[in-house]
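As a basis for the values below, the full set of heavy atoms in this structure was taken, side chains included, without hydrogen atoms, waters or symmetry mates. Chain identifiers are assigned alphabetically (A, B, ...) following the order of the sequence lines, protein sequences preceding nucleic acid strands; residue numbering begins at 1 within each chain. What you see is a predicted model, and the numbers here were worked out from it, not measured in a lab.
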2 protein chains.
Amino acid sequence: MDDLKKLQLIFQTLSDYNRLGIIRFICERESSVGEIVKATKLSQPLVSHHLRVLKENGILETKRNGPFIFYYIRDKRILDAINLFQELFKNSDIKDRTSSKFCSGWIISNHNNKTKEDRQ
Amino acid sequence: MDDLKKLQLIFQTLSDYNRLGIIRFICERESSVGEIVKATKLSQPLVSHHLRVLKENGILETKRNGPFIFYYIRDKRILDAINLFQELFKNSDIKDRTSSKFCSGWIISNHNNKTKEDRQ
DNA sequence: CATCCATATAAAAGGTTGTTTATATAAATA
DNA sequence: TATTTATATAAACAACCTTTTATATGGATG
């Protein structure tokens, strides 16, 4: 696939408010669909749809545990890249130049996608 | 503005194939609209439209020189961030793992947006 | 095996965005 | 000032994407 086309798909995947919210929630720890629905207050089908888009485009991966399906960030460096954009555009508004990161947990994450003990 | 909303706008701005093509062309050296039209083979109004979107969202800035308007990357680190995404998703296809960068000129660029001598 | 819970899928509606076509502005020049 | 060149703007249309509503799948448990 064309380099430009690949980049376009990545950015398109990240260009949705709700998907970014899902990523930010998941980046702390892998989560089941139900947990994401509760956290984001979006409808279950809508969350499922966005999760599919994120998975199909290489942002997330899944792991089944009984009836639950856990989603997690495929490569934690994706969070670094998102953080980089946030840093670059932090001062595009005059006010609010707090240095809050997109995902506060990303620095201490081990960057090798180890999964925690199973949660229900 | 909401952090997530700001990120969403950045990614939305970058999620268009033609806009990425324009950025890649401009990143070598600032260019007039006519030069971009020639290089991308897009219509002039379409190029003008995309340039406006890129400018309004903080990717590009402009400089007038007579009847010509030159567009250039506001902050060269934006190219680094785009390159980072390209690196991260380089191996999502099996074949083609060449290490071509989004913008080949970005490493030696001075990162302070100095403009070259005027071109017609 | 029937029921319940968790998640996925499909179809339809609505809004947003990219593109084209046509026209306007603005600077330079004769 | 009339004309040419460079760029911007506006309106209209089509295509795409998000969201909702409704339904299906699939595992667990009684």
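- Remark: B/Asn57 pairs with B/Thr13 by the side chain to side chain donor-acceptor pair (under 3.5 Å) rule, at least two apart or across chains.
- DNA chain C lies under 4.0 Å from at least one heavy atom of each of the following residues of residues 7-22 of chain B: B/Gln12, B/Asp16, B/Asn18, B/Arg19.
- Applying a 4.0 Å cut-off to non-hydrogen atoms, the residues of residues 43-53 of chain B that approach DNA chain D are B/Gln44, B/Pro45, B/Ser48, B/Arg52, listed by residue number.
- Residue A/Glu56 contributes atom CD, which lies 12 Å from atom P of D/dC17 at whole-angstrom precision.
- In this view, B/Ile69 and B/Thr62, B/Arg64, B/Tyr71 satisfy the side-chain contact (heavy atoms from CB on, under 4.5 Å) rule, not counting sequence neighbours.
- Identified under the salt bridge (charged side-chain N to carboxylate O under 4.0 Å, His left out) test for residues 43-60 of chain A, with sequence neighbours left out: A/Arg52-A/Glu56.
- Taking the side chain to side chain donor-acceptor pair (under 3.5 Å) definition, one finds that A/Ser43 meets it with nothing, sequence neighbours left out.
- Take B/Gln12 and apply the side-chain contact (heavy atoms from CB on, under 4.5 Å) test, not counting sequence neighbours, and it matches A/Ser15, B/Gln8, B/Leu9.
- Using the six-membered ring where Trp is involved, B/Phe11 and A/Phe11 have ring planes that are parallel, under 30° apart on the 30 and 60° scheme.
- No donor-acceptor pair under 3.5 Å is formed between the side chain of B/Arg19 and the backbone N or O of B/Leu14.
- Both the sub-6.0 Å distance and the 45° axial angle are satisfied by A/Arg74 relative to the ring of B/Phe89.
- Scanning DNA chain C 5' to 3' for nucleotides with an atom closer than 4.0 angstrom to a non-hydrogen atom of chain A gives a first and last hit of C/dA6 to C/dT9.
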